[in-house]
There are 2 protein chains.
Amino acid sequence: MTTPHAAPPLRPQRDGTRGVPDATVARLPVYLRVLTGMGERGVTTVSSEELALLAGVGSATLRKDLSHLGSYGVRGVGYDVATLVQHVGRCLGLAEEWPVVIVGIGSLGHALANFSGFAPRGTRVVALLDADPAVVGERVAGLEVLPADRVGAVVAEHGVRIAVLAVPARAAQSACDAVVAAGITSVLSFAPVELRVPAGVELRSVDLSTELAILAFRERRRAAPGAEEPPAPLALQVAAPGRAGASR
Amino acid sequence: MTTPHAAPPLRPQRDGTRGVPDATVARLPVYLRVLTGMGERGVTTVSSEELALLAGVGSATLRKDLSHLGSYGVRGVGYDVATLVQHVGRCLGLAEEWPVVIVGIGSLGHALANFSGFAPRGTRVVALLDADPAVVGERVAGLEVLPADRVGAVVAEHGVRIAVLAVPARAAQSACDAVVAAGITSVLSFAPVELRVPAGVELRSVDLSTELAILAFRERRRAAPGAEEPPAPLALQVAAPGRAGASR
DNA sequence: TCATGTGAACCAATTCACAGCA
DNA sequence: TGCTGTGAATTGGTTCACATGA
């Protein structure tokens with residue numbers, strides 16, 4: 001606790017974790033991943049410079065991000081890794097285990113179900129659903145695939161708020177409507193379509209073709225010094241003069 | 001500062017497609033998807049209002065985005081769908097077919113290989129690679145999985161610039177180094193680690209756990225009216241007062 | 001009389017630069 | 001002597017509002 005107001009980029013702001021800018025929230029998981037790795041490697045202290053380098057951001061950005069969670073660093077020294085892991089994790093809501101359902105157990109759904117087994121702390125897949133009777137009953141990652149129309153019961157039973165959609169494009173909107181009707185308030189979709197959700201429902205979309213298109217644009221930009229049609233590349237070399245790549 | 005009234009959002013800018021802001025580029029694939037769908041449905045003309053609604057953005061944003069590609073609309077009428085598809089596609093570099101390799105043919109790699117069969121125009125998967133001898137030789141989505149150490153030959157042969165990494169976290173950095181050494185200049189990684197690439201190499205990262213963490217944060221924010229520990233939700237209801245959900 | 005295209009105003013986020021404290 | 005934490009400056013992007021032109 002510090003100043004009574006002093007609110008630079010704040011939103012409504014009511015408790016300690018309010019007023020954290022969206023851009024910061026999007027980076028916190030990255031910091032947490034790096035910090036967790038350091039902790040496991042026995043590192044106890046880290047400077048903003050060091051952590052920023054490993055996270056692929058500027059040190060000023062990192063310090064400002066962390067300052068939104070509170071003052072957990074020590075001037076002249078740096079940050080205590082364990083303390084930061086603690087606070088970043090808590091801010092992200094990873095102290096609890098958020099139950100999640102995956103809808104659509106095709107090859108992508110399979111991959112996500114297995115993937116989630118070891119990767120994300122803070123969430124736990126509690127049910128797999130699919131509309132295809134051929135898939136229902138199959139056992140994937142330790143869970144039995146349930147019929148899609150059970151979504152209401154599953155959501156109510158486990159108190160699920162977050163759904164992952166791994167269904168084909170044509171089925172995505174109706175699947176989305178179904179989970180929303182069942183009470184889901186956050187949707188992560190992997191389908192290559194624009195979904196419409198009612199106000200109050202959070203939607204994030206991840207799409208392979210979009211990601212590839214963005215990369216293709218940048219490739220084209222680097223390959224086109226004014227020409228319309230870049231020649232098909234054959235021999236390549238690293239280290240072009242372009243800006244450093246950075247994930248986001 | 002209001003003194004230098006230079007160009008609006010421009011970058012270095014040399015040819016027609018320069019100076020397109022990153023935020024705009026990230027939205028172009030969305031517009032293209034919506035427009036393609038309209039075209040297939042026989043729609044010939046669309047207003048900025050309409051297209052913006054379907055793409056989930058504001059109409060002013062849409063018009064400004066399109067204005068960066070040139071003036072392809074008709075005042076008082078709207079945009080010709082076919083013309084827009086043409087120009088947006090060209091701007092994104094989708095006039096060519098960019099060859100792509102997928103490294104790591106586990107369950108996620110499988111899914112991506114199959115997925116890419118129908119989804120993304122503008123890219124074509126030309127090779128699948130894996131370090132595991134048990135997987136090499138298998139046939140996935142019409143392609144034989146090749147040993148990972150063939151990456152150099154494959155990249156040279158097809159002129160590949162873009163690689164998709166679907167390998168486990170522990171193998172990601174070395175796989176990334178390998179493809180970069182082979183001549184790849186754009187990397188799309190699905191591994192939950194921060195990768196380091198040399199300057200000049202574009203890197204984008206997609207991570208399930210990060211996406212889920214962001215959603216969990218927002219759930220926690222909406223569930224916490226001041227408390228530190230939100231109670232495990234059981235009964236739910238739709239239509240919270242929060243802001244409209246939107247993908248980004 | 002429409003809807004586009006675009007200056008201008010606004011807002012969010014990054015970066016700078018330094019005060020403050022171990 | 002460091003390195004954090006943070007106002008101030010800057011950059012990038014969104015929104016507004018209207019002049020422009022079919």
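Numbered from 1 within each chain, the chains take letters A, B, ... in sequence-line order.
Side chains of A/Asp80 and A/Tyr72: a donor-acceptor N/O pair is absent below 3.5 angstrom, by distance only. The closest side-chain donor-acceptor pair between A/Arg161 and A/Ser186, if any, does not fall under 3.5 angstrom.
One interatomic measurement links the two molecules: NE2 of B/His68 to C1' of C/dG5, which rounds to 11 Å at whole-angstrom precision. A straight line from CG of B/Leu84 to C1' of C/dG5 spans 14 Å, rounded to a whole angstrom. If you measure from atom CG of B/Leu51 to atom C1' of C/dA3, you get 13 Å, rounded to the nearest angstrom. Computed from coordinates, the B/Tyr31 OH to C/dT4 P distance equals 13 Å when rounded to whole Å. Taking atom CZ of residue B/Arg27 and atom C1' of nucleotide D/dG12, one finds them 12 Å apart after rounding to whole Å. Atom CG of B/Leu62 and atom P of C/dT4 are 8 Å apart (whole Å). Straight-line distance from the CG atom of A/Asp22 to the P atom of C/dC11: 16 Å, rounded to whole Å. Taking atom CG on A/Asp65 and atom P on D/dT4, their separation rounds to 14 Å, with Å as the unit.
A/Ala178 meets the side chain to side chain contact (heavy atoms under 4.5 Å, CB included) test with no other residue; sequence neighbours excluded.
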Quick one, give me the B/S/- string for nucleotides 15-22 of chain D, reading 5' to 3', where B means a protein heavy atom under 4.0 Å from the base and S means that only happens at the primed atoms, P, OP1 or OP2.
BBB--BBB
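Put simply, the side chain of B/Arg222 gets close to the backbone of A/Thr185: a donor and an acceptor are under 3.5 Å apart.
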Checking B/Val164 against B/Phe190 for the side chain to side chain contact (heavy atoms under 4.5 Å, CB included) test, could you report, in this order, the C-alpha distance in whole Å, the side-chain angles of both residues, the deciding distance, and whether it holds?
CA-CA 8 Å; B/Val164 176; B/Phe190 288 85; 3.6 Å; yes
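The side chain of B/Ser48 contributes an N or O atom lying less than 4.0 Å from OP1 or OP2 of C/dT4. Distances shorter than 4.0 Å separate some side-chain N or O of B/Tyr79 from OP1 or OP2 on C/dG5.
Each of A/Ser209, A/Pro192, A/Pro168 was compared with B/Phe115 under the side chain to side chain contact (heavy atoms under 4.5 Å, CB included) criterion, and only A/Pro192 meets it.
A salt bridge does not link A/Arg196 with A/Asp177: none of the charged nitrogens is closer than 4.0 Å to a carboxylate oxygen.
When distances are taken from the side chain of B/Ser47 to each of D/dG5, D/dT4, C/dT4, the shortest belongs to C/dT4.
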